[in-house]
Amino acid sequence: MNRKLDELLYALMQNMMIAVSGEKLARDLSVSHSTLARWVDKLREAGVEIRGELFTGYRLVRLPDVLLPQLIRPRLRTTMIGRNLYHFYSVGSTNAFAARLLAHRRNVSEGTVVIAESQTAGRGRLGRSWHSEREAGLYFSIVLFPKTPPSLAPLFTLAAAIAMHSAIERSTGLDIDIKWPNDLLVTGKKFCGILSEIQAEVDLVKYMVIGVGVNVNHETLPPDIAGRATSLRIASRRIQSRIEILLEFFEEFENIYMEFERKGPRKIIEQWTSFSSFASGRRIEIHDGVRKITGVTRGLNALGALRIEEKGGQLEEVYSGDVVSWE
Amino acid sequence: MNFKELKEIIDLVTSKEEIEELELEKSGVRLRIKRSSNHAGSRAPGSVATGTTATLALDPPSPPPPVALQTEEDLFYIKSPIVGTFYQALSPTSEPFVSVGDFVEKGTVVCIIEAMKLMNEIESDVTGEVIRILVEDGQPVEYGEKLFAIRQR
């Protein structure tokens, strides 16, 4: 269904200023007139502005900012990430769809990306939701089959944060920070979250899905999160290109991922440390589920855990938790 | 210290053989028993060979779980493949994946271990009954730490 809608939208985009006869569109897509009319309605529901009717012809009112595989594919600079794309106008959660793909299909290739214009059940940590506004954000998941032991897998989530950091700085010129482990901040507020899932045996990763949500062109955010969340548009006061950010990210992430597989995690630790103001000397409070730890950050250990020097001088290594306050 | 180790000590102390040396260190718990070598033949099968020393380095004091006595047989332990935080449910408000007494199949998701926002869904490697859950919800776990005891079917 989504693939058909993509084809229809792409056909309309190639004829931006003129109305394309419904007759011709139906013929090109080899569907009946009524099916075509139904698809046009679907696209309209998804926010694409289309004028006209079957007998007058259809015309796009403005170039929609939709992440069509037809637009992404010719511009990919990667060999693996994004080579296989699933695009949705709306989906529950891209991570959940990727997990379903992996459960039911045998030939899901590494680097497969599931991308959605909006999510109806975007997820965060501990069942928290992620606000996924249509056409305003980037919501995607990447499928990986890392050959590293499962104990090193969390480092790939740091790698995703590093790659997104570079991609955004390069394409927007904004000054981006990383809050441990993998939240991206601009002007001190969060605009990107990364939530990943893994299926592993004790010494083998079966698969990993890295889910990324970026607030790109949100004009405003819901009042309950506006105090701590922002978007790239709000921070830069201009509309940013989602596709540019996505393409930069794919390339950057693929490079880091392949280097990890070849040479190990050293570079990830180094880059994370140089990109994040939280890496060392920062007084923070972190909640790890049961404990509240307060202290000064002292870098990452080899597995990516955050070292915190507590008041008495003892060093804690934190593997999971929320940095709830910082100076 | 498990039941088998405890029983070995009791066997040693209560056996008719003479104890030549007994060394007991308390807080770190180190127990060393040496028996005389001239009572060969009167040993119960399975006890420690005469003339040798039985040294047991025990864990810091922890009360032996009473249930251990009947369940030590052939329980299967599901272990954590990564360091992280143990979660029994998808979110604080949802039902736990499994509870004690539940039957699980190979492949049933039993918990999530989270590290750096990487959610690791742990599946049971065996089919059987959940006898014990060894970690509390929200607690940090180590690599290879036992999470669930399963009596196999």
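Here is how names work: the chains are called A, B, and so on, in the same order as the sequence lines, proteins then strands, and each is numbered from 1.
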Part of residues 138-150 of chain B lying next to chain A, heavy-atom separation under 4.5 Å:
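Only B:Gly138, B:Gln139, B:Pro140, B:Tyr143 of residues 138-150 of chain B have a heavy atom under 4.5 Å from chain A.
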Between the main-chain N or O of A:Ser320 and the side-chain N or O of B:Thr85, is there a donor-acceptor pair closer than 3.5 Å?
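Here the side-chain-to-backbone pair does not exist.
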Residue pair A:Leu306 / B:Met116, side-chain heavy-atom distance below 4.5 Å
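No; the side chains remain at least 4.5 Å from each other.
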Check: B:Lys117 and A:Asp183 side chains under 4.5 Å, non-hydrogen atoms:
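Side chain of A:Asp183 against side chain of B:Lys117, heavy atoms only: contact under 4.5 Å found.
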Checking heavy atoms, do the side chain of A:Ile210, its backbone, both or neither come under 4.5 Å from chain B?
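For A:Ile210, neither part sits under 4.5 Å from chain B.
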Are the charged groups of B:Glu123 and A:Lys206 less than 4.0 angstrom apart, N to O?
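Result for this pair is yes, salt bridge flagged.
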Spatial distance of atom [atom1] ([X]) from atom [atom2] ([Y]) [nearest 0.5 Å]:
{"X": "B:Ile112", "Y": "A:Glu197", "atom1": "CD1", "atom2": "CD", "value": "7.5 Å"}
{"X": "A:Ile198", "Y": "B:Leu118", "atom1": "CD1", "atom2": "CG", "value": "5.0 Å"}
{"X": "B:Glu114", "Y": "A:Leu195", "atom1": "CD", "atom2": "CG", "value": "8.0 Å"}

Crowding at CD, B:Gln152 (>12 non-hydrogen neighbours, <6.0 Å):
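Enclosed: over 12 neighbouring heavy atoms sit under 6.0 Å from CD of B:Gln152.
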